[in-house]
Amino acid sequence: MYLLKDYFEITLIILQDKKTSKHLSKDYNSLGIKIYYFDVNKKKKELLKFIFRLLQERMKNYDFVLGTSGPNWFTYLTFKIFNSSKKIFYPYDIYLFLWKNQNVRPGLGVHFEKSNLKNADFIINRSFKDQIKLVRKDEVKKIKAKIIKFTPCFDDWMVPINKNKTKKLSLVYTGVCPSSETFLRVTWTDFFKQFSDQGIDQHIYALNAAKSQGFNKIDRPNIFYHEPVPNKILNQKISKYHYGIILSFFKKGFIDDRFFKIGFGNKPLCYLEAGLPLLVDDETVAAELVRKYKCGVIISEKDLPNLKKILEKQNYKELLKGVEKVREEFRMSKRSKKLIKELME
C-alpha cells in the first residue's frame with residue numbers, strides 16, 4: 001500500500017476490528033488511504049456490513065482489486081463482486097503446498113484458492129522462487145494470470161547497520177511460534193532450550209504471545225520475551241542483535257515437498273531490513289538466498305548442539321556486507337517502477 005498509493009487512489013478493507021489494528025489507521029490515513037474494518041470472525045452481523053460495503057465500492061468502477069491468501073474466501077468474494085475490474089492475487093502461503101495429506105488441508109480454503117489462482121489477471125509472486133509454476137494441472141487446469149515477481153525490502157522500514165551489537169551472542173525470533181508442533185522434527189521449545197544451554201541470548205517477539213493462543217514461555221535467564229510492535233519500530237529494536245532465526249525442520253510426511261522449494265515468509269525480509277544476517281536451516285528456500293548473497297549462516301539439524309561454536313567462527317563483517325548487498329537489490333523503491341509497469345501494460 002505504501003508503494004501503490006503513489007500511483008493509485010486506494011481503499012483498504014481489513015477483516016479485523018479497529019481496536020486490534022489501531023496502529024494501521026494512523027499510518028494509512030496519513031497516506032490518504034481510506035480504510036474500513038469488519039470483525040467478521042467474531043461478529044456475524046459484521047459480515048453483512050462487509051458485503052454491503054463491497055457492493056457499495058463496486059459502484060466506483062475500480063481499475064484493480066487486490067486480494068491476499070489470508071483468508072482466501074475474502075479474495076474469492078471480492079473477485080466475484082468486482083468482476084469487471086482487473087484482479088490481482090497476492091498469495092502468501094499457498095494451501096496446496098502446505099500439507100502432503102490432502103485430507104488435512106482446509107477444504108474450503110483450497111477451493112477458494114484454486115478459484116483465485118484461476119481467475120486472477122495478475123499474480124504477485126513474493127517468494128524468492130517461482131512458486132506458481134509448481135501448481136499442477138490437475139489442481140488448477142489453467143492459470144491465465146501474468147506472474148509478477150516482487151520480493152521487496154521496504155525502504156521506510158530499513159535501518160542502518162547497527163554497529164553497537166549486544167555484548168553476548170544474541171539471536172532474535174519474530175512472528176508466530178506454532179502452537180501445534182506435531183509437524184516438526186525439532187520443536188521451537190527444543191530450539192530455544194538448546195541455544196539457551198549454550199549460553200546464547202534469545203529475544204522473542206511472538207505475535208501469539210498469549211497463553212490462550214497456545215504459547216508457553218520458557219523460563220530461562222537468557223530467553224527474553226518482548227511485546228509485538230509495528231514493523232518500523234521492530235526493526236530498530238532488533239537491529240542490535242546478531243542473527244535473525246529462520247529454522248523449521250519439518251517432518252517430511254506432513255508437508256508437501258513443493259513447500260520446501262518456495263516457502264519464504266516475512267521473516268527473511270524483516271531481518272534484512274533490520275540489518276541482520278540470517279540463521280537458516282538447510283531445508284528452506286531461504287538457504288538459497290543466503291548462498292547467493294552470503295548474508296547469513298546455514299545449519300543442518302546435527303549442527304544445533306554446536307551452534308555457538310559455529311557462529312563464533314563466522315566472519316561477521318563479511319556477513320553484514322552480504323546483508324547490505326541483498327537488501328539494496330531488494331529495495332522496494334528500485335523494484336516499484338517495474339511492478340507498476342507490468343500492471344499497466
Side-chain angles (χ1 to χ4, degrees), residues 1-16 21 24-25 27-38 40 47 49-95 109 111-127 130-133 135 140 142-157 231 264 266 269 330-345:
M1 295 303 168
Y2 286 84
L3 159 67
L4 296 177
K5 58 91 179 172
D6 292 331
Y7 301 89
F8 302 103
E9 181 180 337
I10 298 174
T11 298
L12 181 62
I13 297 176
I14 296 180
L15 300 185
Q16 288 181 346
S21 310
L24 293 176
S25 296
D27 289 344
Y28 286 123
N29 289 335
S30 67
L31 297 174
I33 295 174
K34 296 178 184 176
I35 183 169
Y36 299 96
Y37 299 92
F38 298 93
V40 298
L47 180 59
K49 291 181 181 179
F50 160 67
I51 294 174
F52 182 66
R53 169 52 59 186
L54 287 183
L55 292 172
Q56 283 183 303
E57 296 300 321
R58 184 181 184 274
M59 305 301 293
K60 298 180 181 178
N61 296 318
Y62 286 99
D63 296 309
F64 299 90
V65 291
L66 183 150
T68 69
S69 56
N72 277 302
W73 70 264
F74 169 54
T75 298
Y76 173 86
L77 184 60
T78 303
F79 282 4
K80 290 295 183 183
I81 291 177
F82 293 85
N83 56 345
S84 61
S85 301
K86 291 290 185 181
K87 303 165 188 64
I88 306 171
F89 186 36
Y90 191 13
Y92 183 64
D93 287 330
I94 295 183
Y95 284 175
H111 168 74
F112 293 137
E113 179 179 73
K114 288 180 179 180
S115 177
N116 296 339
L117 291 168
K118 178 182 176 182
N119 293 308
D121 297 293
F122 302 91
I123 297 176
I124 297 179
N125 179 66
R126 69 180 305 283
S127 175
D130 189 348
Q131 55 189 0
I132 307 303
K133 286 184 178 179
V135 178
V140 182
K142 185 177 181 181
I143 296 177
K144 62 181 177 62
K146 182 178 184 180
I147 312 300
I148 302 175
K149 189 174 181 182
F150 190 65
T151 311
C153 283
F154 182 41
D155 300 51
D156 284 6
W157 290 350
N231 289 77
F264 197 65
N266 286 324
L269 300 177
F330 281 11
R331 185 180 286 272
M332 185 181 284
S333 57
K334 288 187 174 181
R335 298 194 163 207
S336 61
K337 290 183 180 179
K338 182 180 178 182
L339 172 63
I340 299 302
K341 182 180 178 181
E342 297 208 49
L343 288 174
M344 301 303 290
E345 283 180 348

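Note that the structure is a prediction, hence the values are computed from the model and not measured.
One distance of note links CD1 of Ile10 with CD1 of Ile33; it measures 4.5 Å at 0.5 Å rounding. Interatomic distance, CD of Glu342 versus CD1 of Ile340, reported as 10.5 Å (0.5 Å rounding). A distance of 11.0 Å separates CG of Leu343 from CG of Asp63, quoted to the nearest 0.5 Å. Summarising the geometry, atom CD belonging to Glu57 is positioned 10.5 Å from atom CZ belonging to Phe52; distances are rounded to the nearest 0.5 Å. Separation of atoms CD1 (Ile147) and CD1 (Ile123) is listed at 4.0 Å; rounding is to 0.5 Å. Between Asn116 atom CG and Ile143 atom CD1 the span is 11.0 Å, to the nearest 0.5 Å.
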Side-chain donor-acceptor distances from residues 149-157 under 3.5 Å, at least two apart:
from   : atom 1 : to     : atom 2 : distance (Å)
Lys149 : NZ     : Phe128 : O      : 3.0
Thr151 : OG1    : Arg126 : O      : 3.1
Thr151 : OG1    : Ser127 : O      : 3.2
Asp155 : OD1    : Met332 : N      : 3.2
Asp155 : OD1    : Ser333 : N      : 3.0
Asp155 : OD2    : Arg331 : NH1    : 3.3
Asp155 : OD2    : Ser333 : OG     : 2.6

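For the pair Arg58 and Asn83, the tightest heavy-atom approach, listed with the atom from each and the gap, is NH2-OD1, 3.2 Å. Pairing each heavy atom of Asn125 with each of Gln131, the nearest pair is OD1-CG, 2.7 Å. Minimum interatomic distance between Ala120 and Ala145 (heavy atoms only, all atoms of both residues): O-CB, 3.2 Å.
Taking the six-membered ring where tryptophan is involved, the planes of Phe8 and Phe64 are perpendicular, since the angle between them exceeds 60° and thus also 30°.
Side-chain contact between Phe112 and Tyr95: absent, with no pair of heavy atoms (C-beta onward) separated by less than 4.5 Å. Looking at Phe82 and Lys87, their side chains never come closer than 4.5 Å, going by heavy atoms from C-beta outward. The side-chain heavy atoms of Val65 and Lys86, taken from C-beta on, include no pair separated by under 4.5 Å. At a threshold of 4.5 Å between non-hydrogen side-chain atoms, the residues Phe89 and Asn72 count as touching. Within the 4.5 Å cutoff, the side chain of Lys338 has no heavy atoms near those of the Arg335 side chain. Side chains of Thr78 and Leu66 form no contact here, defined as non-hydrogen atoms less than 4.5 Å apart. Put simply, the side chain of Ser85 does not reach to within 4.5 Å of the side chain of Phe79, judged on heavy atoms.
In Lys142, the NZ atom is not crowded: 12 or fewer heavy atoms of neighbouring residues, nucleotides or ligands sit closer than 6.0 Å. Atom NZ of Lys60 has more than 12 neighbouring heavy atoms from other residues, nucleotides or ligands inside a 6.0 Å radius. Shown here is Tyr7, whose OH atom has more than 12 heavy atoms of other residues, nucleotides or ligands within 6.0 Å.
By the side chain to side chain donor-acceptor pair (under 3.5 Å) test, Lys146 is found to be paired with Glu345, residues two or more places apart in sequence or in another chain being considered.
Checked by atom type and distance alone, the side chain of Thr68 never pairs as donor or acceptor with a backbone atom of Tyr90 at under 3.5 Å.
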